[in-house]
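Before any comments, here is the structure.
Note on naming: letters A, B, ... go to the chains in the order of the sequence lines (proteins, then strands), and numbering restarts at 1 for each one.
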Amino acid sequence: MLEKITDKITEDEAALYDRQIRLWGLDAQRRLRAARVLLIGVGGLGAEVAKNIVLSGIKSLTLLDHQVVTKEAFTSQFLIPRSELGKNRAESSLGRVQLLNPMVEISADPTDVADKEDAFFTDFDVVCATCCEKQQLQRLNEICHKSDILFFAGDVFGFYGAMFSDLNTHEYAVEVKQNSAEKAIDATSAASTAPPAAKKQKTEPAEMKTVKKTTKFTRFSSALNINWREEAYVKRLKRMPKTFFIYRVLLEFRSVHRRDPSVEHVQTDKEELKQISSRLLPQIGVEPTIIQEDFYDYCFAELCCVCAVVGGVLAQEIIKAVSQKDAPHRNFFFYDGVSGDGMVDCLA
Amino acid sequence: MAINPIMMTNTDLVNSKIDLDTIDVSNLNRQFLFRKEHVGKSKALVAKESAQAFNPDANIIAHHGNIMVPEYGVDFFKKFNVVMNALDNRAARNHVNRMCLAADVPLIESGTAGYLGQVDVIKKGKTECYECQPKAAQKTFPGCTIRNTPSEPIHCIVWAKHLFNQLFGEDDPDQEVSPDTEDPEAAGDAGQSALSAEAEKDVAGGIKRKSTRVWSQEIGYDPAKLFNKFFRDDVKYLLSMENLWKKRRPPVAQDWNEVCQHSTETSLESESGLQDQRIWSMSECALMFGKSISQLKADLAARGDGGMLVWDKDDEAAMNFVTATANIRAHIYGIVTKSRFEIKSMAGNIIPAIATTNAIIAALIVMEGLKILSGNFEKCRNVFLTRQPNFRKRLLVPCTLNPPNPKCYVCCEKPEVVVKLNPKHVTVKILEDKILKGGLNMVAPDVEVDDGKGTILISSEEGETDDNHDKPLATFNIGDGTRLKCDDFLQAYEVVITIKEVEKLENEAEFEIVGDLESLLDQVAEKTDEQKKAESKNGVVAMEDEDVVMETTPTAGTKRKASQEIVSTPKKPRHDDDVIVL
């Protein structure tokens, strides 16, 4: 609901957030400062998302991650000091996240998301899941969808990145150019009280007007369950982001191996990725040739630039959803760092 | 280990204004290398320190200074494999563009505005340079609109900034604030009262340029006297130019004493809510007009004899002065008044900046940089970040690089432009400051008349050609068809100007740089569909601003490690430093 938020922005906040308030307005900033966000997975992508949303001025951020810091983290996870090798990822990131913005409450939780009860998630307004297995994503999505919590998921594999959102039924405000008929009405009503500003109407720039809109989202599983042989989907194949299928293969790898492709086993992992793509893709109704033949050469480690691109888009979507300002991207964004394409598509 | 030297030029770090070299609280919402305790410190040094913490192995050299000085000449630029720009103003962008062309080093140019951003790859002889396509000129308003007949808030704000400069800043004849008696619309009646009696007094339009400042000092910047001159007497004078008000709502003169009668002591502090967002009443404006003037007067006095103030949106008194002045003038003309927050955006030309857009564009800069450093230049793309996906579902739109514009007055073999002007009116000083530096973005030009005698018109050596300054070009037999050889040694840039003599130009312009219009238009038509789509979607990001548009330096440090892994062997390792931050 677009109900009125009455909390007042302080002078300090107005000074700190000045440049973004000029972009999204005070009302959006007020909604941001009320948002409690859970971030699952504090890898390279998680670090980018955490940085962006903490800088934007949310109320609180909880970092949930049971994994330990490995050397690989130092190439993309800039929130972890080098001295933290072998320690918990969430706890190691806490200090630097807090330094980014002392006005946001930050906490770290080293529990495995799989061990969290469903009730745990309902304390948040936003859940953003990274580094999670497919089954876990579906579980989290289900919990959030039922409790009307804004749900986001994202991952980066080498040059490829993906994000998903389920905002359920989402109401938002958007500024549109006022059409001339409406403007004329406004002008006549104004004319009775205002002094004759003869030349004014003509020279005034196009007036903007805020309108409310609503959009509906579907669950993550409906994208996973698409049968791409069905006629309606076959037609869409040509213009859709093929990175979706690379993402499917990598999620499958993660489910099977309980880890991501690793530079430590480059050869065997590449072989396995080929196997998975030739098995999984026909299962969901597409030829393995739909994805770039050598995709497995480009999907190792979280590449920091790709984290920044996907983390930037993902964080902006969180900001949009929380502030209920502007049309959200529905419901996937894919970035392919090899071609440079960043695409939005609705897969359901 | 020899690592690729990369140079990053950061907006604030290269700005010559000292006050912009330091960290402001409004930077902290996106420049994550800076924290509250760093406010007021040097950006270059803090950025280096913070980035170093992210990657202790990185070798970062921070240069704190202006990029547009001889210290950073062509040889300096030649040390790098690639230059990445994250600048906030066109002058510095033009300059770095020329330096990279001269040094033949690939340049990655970038900019953001709110949710939008773009990255462009520039390489001499292969792609368009930053100056191949004409850029939209900054919006200007006719002098008579500003001085006589404002109709929008921005007109009042421009006038208020001009008044600031007239009172406290650098004297600029183009920033006159008194009524303009040469307004073509007023023709016929302006004369009567205007030119005769009142013009002699110091109350109205007849007042000579320099005397505004002198007169203000003589009256000790008395707010009441200043108020009554600018908001009462000058307005009364304008009312005497009756033709102006036949189809307009005439302005209403304001008197200091009457306005102040309504004021209450607490009015500026009592309101709850954010001070910046509130619209001041007339009496509050008058109160603030007085308060800010006494502060600015003190600031000016502190600069000593001959000192002057430079208007800065982040200076409280300067901002309050413009808010109060613009709103009083708006009130006089029946124009809607604005909050200080809104006026700051317009007066400071603030382009909103957010962490997410900056992170995305910084990453895209590095992605293109990686392609260059790994020898895959042909894979480079210009990339646009749009607000909503285009018809091909793209939010990030990569576009193939356009070839150079053969008629570009910067990157083509023998650059030439045509300049329309009246040689009897245009002085050597105007040629140097407004045409060569302002229009053609040269930094320290030398100019020789191509008259067979090699007459030196302008020398970059200090003092050598000072005697020429105030002489009109006609003095040097410069007329229709005369060719001027202009050379900027620092930029290693030469251009030949051909004079096209005209009597008068539209809007009383002093000159017009024509270039080769025909070929420029052809070039635009040749743009790929992709790019046009992206550009129309974006409305092409205008990255012109006094404020920081973006800063990639913060991410540079963290990006480096991964870069090293992908980048095979640097093509030409000539330097052992990693990232050089200017």
Side-chain angles (χ1 to χ4, degrees), chain A residues 8-9 11 14-24 26 48 51-52 55-57 74-76 78 81-82 99-102 194-200 203-204 239-241 301 303-309 311-313 315-316 319 326-327 329 333 335 337 339-345, chain B residues 25-30 32 35-36 53-56 114-115 149 151-152 247-249 272-277 334-335 341 345 350 352-360 362-364 366-367 370 381 383 385 387-389 392-398 547 555 557-559 561-563 565-566:
Chain A
K8 290 258 163 60
I9 300 260
E11 294 285 346
L16 177 60
Y17 304 128
D18 181 88
R19 290 304 184 269
Q20 63 204 44
I21 290 173
R22 287 175 197 280
L23 188 62
W24 51 57
L26 269 176
E48 285 287 344
K51 175 203 73 185
N52 292 335
L55 288 172
S56 82
F74 299 140
T75 64
S76 59
F78 57 90
R82 300 259 160 134
L99 283 178
L100 291 170
N101 190 347
K199 275 197 160 181
K200 210 176 148 195
T203 48
E204 207 134 355
R239 304 190 86 182
M240 71 167 288
L303 192 56
C304 63
C305 307
V306 180
C307 291
V309 171
V313 174
Q316 195 56 48
I319 291 167
D326 294 333
H329 300 322
F333 167 78
Y335 179 61
S339 71
D341 287 313
M343 295 176 73
V344 171
D345 206 357
Chain B
V25 68
S26 68
N27 299 144
L28 304 182
N29 78 320
R30 59 197 187 277
F32 69 96
R35 298 191 298 270
K36 202 161 182 185
F54 287 143
N55 186 349
Y115 304 108
T149 53
S151 59
E152 291 176 34
K247 288 179 183 168
R248 286 190 184 86
R249 172 198 179 280
S272 60
L274 298 170
Q275 283 306 308
D276 250 17
Q277 301 281 343
I335 298 166
F341 181 83
S345 272
I350 298 174
I354 51 173
T356 52
T357 305
N358 283 1
I360 294 166
L364 295 178
V366 179
M367 287 298 275
L370 296 180
R381 297 288 180 269
V383 189
L385 168 64
R387 196 167 176 184
Q388 287 294 327
R392 296 179 58 220
K393 301 181 180 176
R394 272 150 182 90
L395 189 69
L396 296 174
V397 191
D547 186 52
T555 22
T558 64
K559 300 297 173 217
K561 187 62 190 285
S563 318
E565 289 169 1
I566 317 164

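- No side-chain donor-acceptor contact under 3.5 Å links B:Gln277 to the backbone of A:Leu26.
- Both the backbone and the side chain of A:Ile21 come within contact range of chain B, judged by heavy atoms closer than 4.5 Å.
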Please evaluate residues B:Asn29 and A:Asp18 with respect to the criterion side chain to side chain contact (heavy atoms under 4.5 Å, CB included), reporting the C-alpha separation (whole Å), side-chain torsions for both, the decisive distance (0.1 Å), and the verdict.
CA-CA 8 Å; B:Asn29 78 320; A:Asp18 181 88; over 6 Å; no
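- Ring geometry, B:Phe54 versus A:Phe78: the interplanar angle exceeds 60°, so the pair is classed perpendicular (tilted spans 30 to 60°).
- Residue A:Asn101 does not touch chain B at all, counting heavy-atom pairs closer than 4.5 Å.
- At distances below 3.5 Å, not a single donor-acceptor pair connects side-chain atoms of A:Arg19 with backbone N or O atoms of B:Ile350.
- Residue A:Ala15 touches chain B through both its backbone and its side chain, counting heavy-atom pairs closer than 4.5 Å.
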